[in-house]
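Heads up, the thing below is written out as structure tokens.
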2 protein chains.
Amino acid sequence: MKSLSIKDIAVKANVSITTVSFIINGKAKEKSISEAVIEKVEKIIAESGYKPNQIARSLRTGNSNIIGLIIEDISNSFFSRIARLIEDKAYKRGYKIIYSSTENSVDKAKELINMFKSRKVDAYIISPIKGIEEDIQMLLDDGNPVILFDRNLPDLNVSYVGADHFNASYQSIQNFIDQGKKNIALVTTDINVEQIIERFEGYRKALEDNGITYNDELVVKVHFNQDEQTTINQVKDLFNSKNIDAVLFATNYLAIGGLKALKQINKKIDDDFAVIAYDDHEAFELHTPSISAVQQPLEEIAETIIKLILSQLASKSKSPVDQVIIPARLVIRD
Amino acid sequence: MKSLSIKDIAVKANVSITTVSFIINGKAKEKSISEAVIEKVEKIIAESGYKPNQIARSLRTGNSNIIGLIIEDISNSFFSRIARLIEDKAYKRGYKIIYSSTENSVDKAKELINMFKSRKVDAYIISPIKGIEEDIQMLLDDGNPVILFDRNLPDLNVSYVGADHFNASYQSIQNFIDQGKKNIALVTTDINVEQIIERFEGYRKALEDNGITYNDELVVKVHFNQDEQTTINQVKDLFNSKNIDAVLFATNYLAIGGLKALKQINKKIDDDFAVIAYDDHEAFELHTPSISAVQQPLEEIAETIIKLILSQLASKSKSPVDQVIIPARLVIRD
DNA sequence: TGGTTACGATAAAACGTTTTAGTAAACCAA
DNA sequence: TTGGTTTACTAAAACGTTTTATCGTAACCA
């Protein structure tokens, strides 16, 4: 069953295609179409269930009403929650989201950008990785609205929304130190992205400011994409070989793996051993004892992203670059 | 900066648009284009970075290479994990995913279907809700590939992939009974969807088959979309007012809420009180004690969905209706 | 009266592809 | 030489919209 086209409607209503188009797009008044014709056409449209072909529309107008969302991994709860909020807010403004996960691969990320480009998405929301600076610059040069989030690319002059990773990390460590902890470990990843680096810098700076010398051996960098068991083993090694009284996990999946490791070696979280996780997760509140966590303000991040996108879409001219850093919140539990 | 079109390439290469198109689409041999021309054109394409406009392509060919994914909520870990797997598998076959969450609203679901329809997606993957049968039937009538998953709509003759909810639930209860439990509660939701009903029926049947009379008061149905605190309170009420020695939570978010409730009223999970959660979640393994769970075979579900979609896309004719029920796995922990 | 303006509507171009139906030249067999 | 094939390439239609430019006709005005 071929679907109806505007032509079918025009024929049925015995008017021109142009007239139907004007009516569909609410330009009837402006183009002085008579009430009678408007009514007739609208009735036919309603009865027939005709829906304009968005593809043809996009081809003609040059915009798709689709926003491309490029993230690391949709199944990570941080991203899926952000995705949900963004989707919701975009939807209310008439935009749809098309997403894809990069899995931290530069090649895949580049491919995705090209894919979205050839699909003529109206805007790009990207949680980027190092190595795609040029591709993003090209998007910017072509005048596309682009917002980075979660991680910034410092070489680029582009709008960005993210939490204050440095301070959140700093505060976490300060919190440990205030409790009298001295041997503070950091479990992080080896991906070379801004937010991970900032978390590391916050860790190091807080130690320094408190007169504790930074010790390389207390920092574990796990490979991204390695399987969880390997991570668990690395964490076990760390705790078995070193005397540690506090640990900051730099992402929620690291914390999940880390907690499993602690459970396996039967290391208890108590007054003598403290844990903080970066990015909250349902498992943390439920854990016995519950785990303190750095909560990123997802709602605010999503809202800011959409605001920036919409303002960029609205202004024809090159829009200003906004870099919004939103404070994160350290939730102390138990 | 306007992006390049096939015409620009044709002019640069001093050949016709047709020739360029043939080369792009790998029909050069078939259409007997000379090696020299092929090389020349390919060189120009590579140098210029030209990418075909997918919108124009879609308009002309009638397919978009996009698969529409309609789910309840992308931030639910069950769906986000499935989404990730589906995305991945689809991507490898050259398809992109456009997703949207229904939030269990019939209106939103209908809207989404229309939206996808006007976007001419090539196929639909839907975790449906009651009330959109007609809309789905229309998709089928128009010859669109449609796969339902997670929940079936029994009135419809449509392909479906999902876990064996009835048996998984039945086995969970049987497991309780084998441990000598008598007062077995069920915490479920009031949404009227197949998979929830099946989980309920499994519960009831298992009791019956073991000579335990079904007791209405041991079943709590929480509202979908109600905030978690309300759920927690309902669960607390249940455990405070009844003598219960085992409970099955019908979804992972109910289990999360329920576990929080148990923690708050300080009810311990031990030999005298057992818990099973439907749909696994990272929090369960980590919980002390760890929580047994029904694991849906996500990988297999995703793979089957994509297989069915692709086979439907491949066959021009009306494809057969496949209903694939995949056994779930009860993982007993601790 | 003649000229401008407003009204109501439309024809046709354009967006960037794919694909059908050619064409002209070269080749080959009889 | 003829005429059929093959080779190499292309013009133009079509996909379904939006939008610009234009066209009668009627109404208005000085």
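Below, chain A is the first sequence line, B the second, and so on; all start at residue 1.
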In whole angstrom, what separates [X]'s [atom1] from [N]'s [atom2]?
{"X": "I55(B)", "N": "dT18(D)", "atom1": "CD1", "atom2": "C1'", "answer": "14 Å"}
{"X": "L59(B)", "N": "dT19(C)", "atom1": "CG", "atom2": "P", "answer": "13 Å"}
{"X": "I45(A)", "N": "dT17(D)", "atom1": "CD1", "atom2": "P", "answer": "10 Å"}
{"X": "I6(B)", "N": "dA11(D)", "atom1": "CD1", "atom2": "P", "answer": "13 Å"}
{"X": "I23(B)", "N": "dT18(C)", "atom1": "CD1", "atom2": "P", "answer": "12 Å"}
{"X": "K51(A)", "N": "dG16(D)", "atom1": "NZ", "atom2": "P", "answer": "17 Å"}
{"X": "K7(A)", "N": "dA14(D)", "atom1": "NZ", "atom2": "P", "answer": "9 Å"}
{"X": "E30(A)", "N": "dT18(D)", "atom1": "CD", "atom2": "P", "answer": "14 Å"}

Given [N], is OP1 or OP2 found less than 4.0 Å from the side-chain N or O atoms of [X]?
{"X": "S16(A)", "N": "dA9(C)", "result": "no"}
{"X": "N25(B)", "N": "dT18(C)", "result": "yes"}
{"X": "Y50(A)", "N": "dG16(D)", "result": "no"}
{"X": "K27(B)", "N": "dT19(C)", "result": "yes"}

Between [Y] and [X], is there a salt bridge with N-O shorter than 4.0 Å?
{"X": "R93(A)", "Y": "E303(A)", "answer": "yes"}
{"X": "K89(B)", "Y": "E299(B)", "answer": "yes"}
{"X": "E35(A)", "Y": "K29(A)", "answer": "yes"}

Value rounded to 0.5 Å, distance of CD1 in I74(B) from CG in D88(A): 12.5 Å
5'-most by nearest nucleotide on DNA chain C - E35(A) or I24(B): E35(A)
NA contact type, [X], heavy-atom cut-off 4.0 Å: base, sugar-phosphate, or nothing?
{"X": "T19(A)", "result": "base"}
{"X": "T61(B)", "result": "sugar-phosphate"}
{"X": "K29(A)", "result": "nothing"}
{"X": "T18(B)", "result": "base"}
{"X": "S34(B)", "result": "sugar-phosphate"}

Which nucleotide wins on minimum distance to the side chain of [X], given the candidates [options]?
{"X": "V15(B)", "options": "dT10(D), dG16(C), dG16(D)", "answer": "dT10(D)"}
{"X": "S21(A)", "options": "dT18(D), dT20(D), dT17(D)", "answer": "dT18(D)"}
{"X": "P52(A)", "options": "dT17(C), dA11(D), dT17(D)", "answer": "dT17(D)"}
{"X": "I17(B)", "options": "dC15(C), dT18(C), dA11(C)", "answer": "dT18(C)"}
{"X": "R57(A)", "options": "dT18(C), dT18(D), dT20(C)", "answer": "dT18(D)"}
{"X": "S32(A)", "options": "dT17(D), dC7(C), dC15(C)", "answer": "dC7(C)"}

In this structure, are over 12 heavy atoms from other groups packed under 6.0 Å from N157(B) atom CG? no
Donor-acceptor pair under 3.5 Å, R60(A) side chain vs dT18(D) base: yes
Establish, for the pair K108(B) and Y91(A), whether the NZ or CZ atom is under 6.0 angstrom from the six-membered ring centre and no further than 45 degrees off its axis. yes
